[in-house]
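Any value given below was found using the heavy atoms of this structure, including those in side chains, with hydrogens, waters and symmetry copies removed.
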Amino acid sequence: MFYIRCCNNTSLLKYMNKRKYFLLVSFLMSFHQNVSAEEKYKFLDDWVLSASGSFRGNFNTAGETFQSNDIPNQNLENQATSAAAYSTDYISLKLGIEKSDTFSLVSSVYYAWQKKYHLDLFPKTYSEKVVQLRDLYLNIPFGSHGYSVWFGRRTFEFEEIYLFQETNPFNQLELNGFGIETDVFQVSLALNKESVYTTAKDKNGNPLIDQNGNNILYENDDYVATLFMSGKFLLSEGKMFQPILSMRAYNSYGKDASENVQKDKVRLTSSFILGGIFDRPLSDGLKGTTTIWFSSLPADKEAKPTNTSVNNAFYGEGRVPPNYPQNTIGIADSSQFLFDKYGGLLTSIILLNNVYASNLPVLHISDDRKSLQSDGKSYSRTTNRVSVGVQPVVYLTRNIQLGLDLNFNYVTKKLLANDANSFVVTPILKYSFDEQLKTKKYLFISMSYGYYDWKIKTYSNGTKTNELLTTQAGVDFYL
């Protein structure tokens, strides 16, 4: 569900020549200490100022020319793709001020400049080049055992799925509300205002359509109430399980329209995600994280026709269209195998069972292998998706690491026009500032060869291909 991405690929260095690019890399190498760790400054005895941030950016080329814009990449929109060959460009900053044993005020912003992306349970579309206020909340401690209450706007984030660098499905973004938390559990309540689109009829009961025969969509306010709960259970040998539940209710309120427009009602509905995260500490050279979840999103077919005349309207910011998975069962695992001073092995796997809101045509590869087509006979609501990443890593030094990233994607039934199976091989050279196998503070250069089972990739000149050679260079500092 949360791997569907709408991409508008514009290089981070679209306006930079090679000389400027290497100057940027040199600057980031000298600046990494400031952006890769939380800094705390104590003043006036009991006051503390904290600051942290993360940054991810990359430069891409594809094909025989070193063009830096409008190029294809190794991404598959409906499945997780190895971040060695593809990643999201963003910058995140966080600031906080704390008075000991009294209160803390936390704020953070997030800015993505490369492409549009979707996140989690709304599902809400966040556009590129827009600053997102992720946090602005007051936290007040009381009692013992880490009790505190918070008020304001808060984001909860969990361990990302490494190698793929996909956000965790349990992430709760920009909750406007309040909550209580201790060292072992937290409960939060929030109310967010979003948007949902609905169809309409004229005063004679005739559907309102545009000049192309598509339903015209009209915007309503959608109020989304959230109950979010999570906990921590310590198990044997340092293992930990975090049970997580998030439930949402959606209620639409119509905006004013002309007398000739009678909006179709958008029903009160709900969604939820339930599951947990299992953390395994280092034992016999092996450590990792496993995430298991079941999510169910609302489906309102009357308010969500397949074809729309409003850009991106069918996502509905809070409601699910027929071509978006309504129910998802997912398992994701990220593991690392440490081979002492020589290197190690990184692995990731994501298994998804997607059930859509309505029957969709089963698509097959056309004779010219340039598109997917329906035979007009086969339909299904269900498909399964598998994404596997394996990356053996050799330490040339503790800082300089050489990896070979192998990424395989498979879908059992193609139901969407951009479904594909693929295999991508990516040699990657990393300079790791934290000297970790699962490094989150590094510079990298890589080259990827991708093979797809049909010609899904398109160059800027319109040529379609099922084989793609790309290069990538970039930086990743993540906390």
Side-chain angles (χ1 to χ4, degrees), residues 24 26-57 90-113 126 130-160 167-168 170-192 226 228-232 234 238 240 242 279 281 432-436 439-442 475-479:
L24 174 65
S26 299
F27 169 74
L28 289 170
M29 290 180 69
S30 64
F31 185 64
H32 80 276
Q33 290 292 347
N34 293 327
V35 299
S36 64
E38 184 177 50
E39 300 286 346
K40 291 189 175 183
Y41 307 93
K42 189 173 182 179
F43 63 100
L44 298 178
D45 294 331
D46 57 353
W47 288 84
V48 176
L49 182 66
S50 62
S52 64
S54 56
F55 175 79
R56 179 180 294 164
Y90 76 89
I91 186 169
S92 176
L93 299 173
K94 191 170 188 176
L95 296 173
I97 187 169
E98 176 183 353
K99 181 174 173 57
S100 298
D101 300 322
T102 305
F103 75 91
S104 61
L105 179 65
V106 180
S107 65
S108 71
V109 295
Y110 184 100
Y111 180 84
W113 61 82
Y126 291 86
V130 175
V131 176
Q132 306 291 338
L133 180 63
R134 289 291 171 86
D135 292 287
L136 184 59
Y137 66 92
L138 184 68
N139 194 74
I140 302 174
F142 67 94
S144 57
H145 305 292
Y147 277 87
S148 66
V149 293
W150 68 269
F151 306 88
R153 184 181 186 92
R154 186 168 182 179
T155 292
F156 294 87
E157 294 185 283
F158 298 90
E159 182 77 13
E160 71 174 6
T167 57
N168 195 288
F170 291 115
N171 286 357
Q172 305 290 303
L173 302 182
E174 303 170 8
L175 297 180
N176 297 322
F178 63 94
I180 183 171
E181 58 187 335
T182 72
D183 295 333
V184 295
F185 80 91
Q186 72 79 32
V187 178
S188 299
L189 292 171
L191 182 65
N192 289 59
T226 301
F228 174 56
M229 299 184 292
S230 63
K232 296 179 181 179
L234 294 178
M240 183 174 68
Q242 301 179 69
D279 291 315
S432 171
F433 293 103
D434 57 13
E435 300 182 357
Q436 298 296 313
T439 177
K440 295 184 178 182
K441 305 174 180 67
Y442 63 97
V475 57
D476 193 345
F477 289 98
Y478 180 81
L479 300 179

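Distance OG/Ser54 to CD1/Ile91: 8.0 Å, rounded to 0.5 Å. Of the inter-residue distances, the one linking Lys232 atom NZ with Phe185 atom CZ reads 12.5 Å to the nearest 0.5 angstrom. Here Thr155 contributes atom OG1 and Leu136 contributes atom CG; the two are 11.0 Å apart, rounded to the nearest 0.5 Å.
In this structure, the side-chain hydrogen bond (donor to acceptor under 3.5 Å, both in side chains) partners of Asp279, at least two apart in sequence or on a different chain, are Gln242, Thr289. Not a single ring-ring contact (aromatic ring centres under 6.0 Å, His included) links Phe158 to another residue, sequence neighbours left out. Remark: Ser108 engages Lys94, Arg134, Asp135 in a side chain to side chain contact (heavy atoms under 4.5 Å, CB included) (not counting sequence neighbours). When the side-chain hydrogen bond (donor to acceptor under 3.5 Å, both in side chains) test is applied to Lys99, the partners found at least two apart in sequence or on another chain are Asp46. Every residue two or more places apart in sequence or in another chain that forms a side chain to side chain contact (heavy atoms under 4.5 Å, CB included) with Ile97 is listed here: Phe43, Trp47, Leu49, Leu105. Applying the side-chain hydrogen bond (donor to acceptor under 3.5 Å, both in side chains) test to Ser104 and every residue at least two apart in sequence or in another chain returns nothing. Every side chain to side chain contact (heavy atoms under 4.5 Å, CB included) that Leu93 has, sequence neighbours left out, goes to Val109. With sequence neighbours excluded, the residues satisfying side chain to side chain contact (heavy atoms under 4.5 Å, CB included) with Gln436 are Asp434. Evaluation of the ring-ring contact (aromatic ring centres under 6.0 Å, His included) rule for Phe178 yields no partner, not counting sequence neighbours. Remark: Glu159 pairs with Lys438, Lys440 by the salt bridge (Lys or Arg N to Asp or Glu O under 4.0 Å) rule, at least two apart or across chains. Qualifying ring-ring contact (aromatic ring centres under 6.0 Å, His included) partners for Phe142, counting only residues two or more places apart in sequence or in other chains: Tyr147. Glu98 is linked by a salt bridge (Lys or Arg N to Asp or Glu O under 4.0 Å) to nothing, counting only residues two or more places apart in sequence or in another chain.
When every heavy atom of Asn171 is checked against every heavy atom of Glu157, the shortest pair comes out as OD1-CA, 3.3 Å. Minimum heavy-atom separation, Leu175 to Asn192: CA-OD1, 3.9 Å. Taking all atoms of both residues into account, the shortest heavy-atom contact from Ser92 to Tyr110 is CB-CD1, 4.2 Å. When all heavy atoms of Arg56 and Asp476 are compared, the closest pair comes out as NE-OD2, 3.1 Å. Here the closest non-hydrogen pair linking Glu181 and Asn139 is OE2-OD1, 3.4 Å. Here the closest heavy-atom approach between residue Thr439 and residue Ser432 is recorded as OG1-OG, 3.0 Å.
The closest donor-acceptor contact from the side chain of Arg154 to the backbone of Tyr137 lies at 3.5 Å or more, if one exists at all. With hydrogens and angles disregarded, no donor-acceptor distance shorter than 3.5 Å links the side chain of Ser148 to the backbone of Ile140.
Taking a 6.0 Å sphere around CG of Asp101, one finds it holds 12 or fewer heavy atoms contributed by other residues, nucleotides or ligands.
Using a 4.5 Å heavy-atom cutoff, the side chains of Ser230 and Phe170 are not in contact. At a threshold of 4.5 Å between non-hydrogen side-chain atoms, the residues Asn168 and Glu160 do not count as touching.
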| said: Would Ser188 and Gln186 count as a side chain to side chain donor-acceptor pair (under 3.5 Å) here? Give the steps. | reply: CA-CA 7 Å; Ser188 299; Gln186 72 79 32; 2.7 Å; yes

